[in-house]
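What you are looking at is a predicted structure, and each value in this text was computed from that prediction instead of being measured.
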Amino acid sequence: MPTALCPRTVDETGNAGRVLALRLQLGSLNQESAAADAVLAACLLWVAGVLVEIAGDVADPRAAGALVHRASAALAAVPAPAENGSRPLPPQLTTRQLAVLRQLQEEVPLREIADGLYVSYNTVKSHTRAVYRKLGARSREEALVRARELGLV
């Protein structure tokens, strides 16, 4: 019976959250944004290379496929180099998601945001989750930090 090398999988938002956390840690070391992105890219490329190497040595095709998939996800998370010092493109948020994101700055409860936008509480929760996912954030504070970095708020 083959052993599972990846017993649990992490969804893409979890990976994005880890990448954001690493980037914020690198940024806190007084690194320029471009330098932090370069270090992050080097780390992700190294991880992807190791996963592909291990996949080549594994006899179980399913486990090898899982490792190659994880390597692909790591490579997809490598930030694209900014041209001419410009910022990377922000994630595509809908108009309503942007409205909710801007309201999140006010530190008001989601119910109050829903009342102000004339939508249901569940709709605001859905928009908030989508914003967090697209920004790779796990909390309101993380989302706002990322949004400020990208010039969204």
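- Separation of atoms NZ (Lys125) and CG (Leu110) is listed at 8.5 Å; rounding is to 0.5 Å.
- By the 4.5 Å heavy-atom criterion applied to side chains, Ile113 and Thr128 are not counted as neighbours.
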Discussion item. Show, in sequence, the C-alpha distance, side-chain angles and deciding distance for Arg148 and Leu144, and conclude whether the side chain to side chain contact (heavy atoms under 4.5 Å, CB included) test is met.
Written reply: CA-CA 6 Å; Arg148 285 185 192 107; Leu144 290 172; 3.7 Å; yes

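- Listed by chain and residue number, Glu141, Glu142 satisfy the side chain to side chain contact (heavy atoms under 4.5 Å, CB included) test with Ser139 (two or more places apart in sequence, or in another chain).
- Note that CZ of Arg140 and CG of Leu101 are 10.0 Å apart. Values are rounded to the nearest 0.5 Å.
- In this view, Ala143 and Tyr132, Leu135, Ala137 satisfy the side chain to side chain contact (heavy atoms under 4.5 Å, CB included) rule, not counting sequence neighbours.
- Atom CD in Gln97 sits 11.0 Å away from atom CG in Leu152 (nearest 0.5 Å).
- Judged as a side chain to side chain contact (heavy atoms under 4.5 Å, CB included), and not counting sequence neighbours, the contacts of Ala99 are Leu117.
- The NZ atom of Lys134 sits 5.5 Å away from atom OG1 of Thr94, with the distance rounded to the nearest 0.5 Å.
- Applying the side-chain hydrogen bond (donor to acceptor under 3.5 Å, both in side chains) definition to pairs two or more places apart or across chains, those involving residues 106-120 are Ser120-Thr123.
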